[in-house]
Amino acid sequence: MNPEQNPSRQCAACGEQEAFLTYAVRQNRRLCTDCLLKEHRHLFCPICLDVPPPPEESIVCLNCPSVAHLACPPPPPPPSSSFTCPPCSDPNFSFFPKSNPDQESADALVAAAKISAALMNNEAAELKKEAHKKIFAAKEAKMRAKEALGNLQDLVLMQRASEKKNSNNANPNPNKRKHR
């Protein structure tokens, strides 16, 4: 490994070192802006990088779940009348070119930050729901344990009473002498 590389600043998908890293929380990994946007294409229009449009105002990529505004996609190539998003159309496409950052790069960074924040909020909500389930399960287990201890205590008391009764029946009056 190159001593200048910092694994904590490395994208888990492409391995690139990047100053702008975002997080994919569910998988607990760091992704560069470009990889985060490529992995979550269904959360934004891949052309204008804005929120996805409602279904009646959208067009879906043939190869992936990208949803673009009808007004955004460039006209399809002549023989085809279908839409493929930029990453599907060009394998070398980057939402966030590392050389010559411009307004589009800034827009991509903002879109990635919004997606990352939404993913983190969703993960926090899921973790909170999971914590509540575990708290409820712990309360239920505590209640069952208390009930079991109460039953055990009742059994011990019944056993002691039974033993006492049996010992009294064997020798009804220990102070009384036997007649000869």
Side-chain angles (χ1 to χ4, degrees), residues 1-77 80-142:
M1 182 164 103
N2 183 344
E4 294 176 18
Q5 288 184 332
N6 180 352
S8 68
R9 303 296 302 163
Q10 192 171 7
C11 175
C14 70
E16 287 286 321
Q17 293 280 354
E18 187 176 316
F20 302 107
L21 282 176
T22 50
Y23 296 88
V25 180
R26 177 63 90 181
Q27 297 87 13
N28 196 20
R29 60 193 185 130
R30 291 186 168 118
L31 296 174
C32 67
T33 301
D34 191 47
C35 289
L36 182 97
L37 291 172
K38 284 180 179 176
E39 286 192 15
H40 298 284
R41 289 184 245 180
H42 61 286
L43 298 176
F44 65 98
C45 171
I47 310 295
C48 70
L49 305 175
D50 203 356
V51 296
E56 65 275 1
E57 298 173 16
S58 66
I59 186 167
V60 179
C61 176
L62 288 175
N63 302 326
C64 76
S66 288
V67 179
H69 297 99
L70 281 174
C72 286
S80 170
S81 61
S82 56
F83 169 69
T84 53
C85 67
C88 290
S89 300
D90 176 9
N92 297 320
F93 177 82
S94 175
F95 284 108
F96 192 75
K98 290 160 182 68
S99 59
N100 298 334
D102 55 6
Q103 184 60 44
E104 284 182 29
S105 297
D107 292 344
L109 188 59
V110 168
K114 286 178 181 177
I115 290 168
S116 187
L119 292 172
M120 284 189 250
N121 286 337
N122 290 346
E123 181 67 14
E126 287 295 318
L127 290 172
K128 186 176 180 179
K129 198 185 307 180
E130 192 176 308
H132 283 291
K133 284 180 184 176
K134 287 181 179 182
I135 289 168
F136 181 74
K139 284 181 179 179
E140 289 279 317
K142 182 179 178 181

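Values below: all heavy atoms of this structure, side chains included; hydrogens, waters and symmetry mates excluded. Quick caveat, the model's predicted, so the values are computed rather than measured.
With hydrogens and angles disregarded, no donor-acceptor distance shorter than 3.5 Å links the side chain of S116 to the backbone of A113. Counting only distance, with no hydrogens or angles, the side chain of K114 and the backbone of V51 share no donor-acceptor pair below 3.5 Å. Side chain of T84 to backbone of L62: no donor-acceptor contact under 3.5 angstrom is found.
A 4.5 Å side-chain heavy-atom check between E130 and H132 finds every atom pair outside the cut-off. With a 4.5 Å cut-off on side-chain heavy atoms, P86 and F95 do not count as touching. C85 has its side chain within reach of C64: a pair of non-hydrogen atoms, C-beta onward, lies under 4.5 Å apart.
A distance of 11.5 Å separates OG of S66 from NZ of K38, quoted to the nearest 0.5 Å. Rounded to the nearest 0.5 angstrom, S89 OG and N63 CG are separated by 8.0 Å. Separation of atoms CE (M120) and CG (L127) is listed at 12.5 Å; rounding is to 0.5 Å. Interatomic distance, C11 SG to R30 CZ, rounded to the nearest 0.5 Å: 11.0 Å.
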Apply side chain to side chain contact (heavy atoms under 4.5 Å, CB included) to I135 and K139, showing your working. CA-CA 6 Å; I135 289 168; K139 284 181 179 179; 4.1 Å; yes
Mind running side chain to side chain contact (heavy atoms under 4.5 Å, CB included) on C61 and R41 for me, showing each step along the way? CA-CA 10 Å; C61 176; R41 289 184 245 180; 5.8 Å; no
C32/C14 under side chain to side chain contact (heavy atoms under 4.5 Å, CB included): CA gap, chis, key distance, verdict: CA-CA 8 Å; C32 67; C14 70; 3.8 Å; yes
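Shown here for F93 and D34, the closest heavy-atom pair between the two residues is O-OD2, 4.3 Å. Closest non-hydrogen pair, L70 versus E56, comes out as CD1-O, 3.9 Å. Nearest approach of H40 to L119, heavy atoms of both residues: NE2-CD1, 3.6 Å. Nearest heavy-atom pair, A108 versus L37, reported as atom, atom and distance to 0.1 Å: O-CD1, 3.6 Å. Across every non-hydrogen atom of P46 and V67, the tightest pair is CD-O, 3.6 Å. Across L49 and D107, no two heavy atoms sit closer than the pair CD1-C, 3.7 Å.
Electrostatic pairing of E126 and K129 counts as a salt bridge here, judged by a charged N lying under 4.0 Å from a carboxylate O.
Residues passing the side-chain hydrogen bond (donor to acceptor under 3.5 Å, both in side chains) test with D50, sequence neighbours excluded: none.
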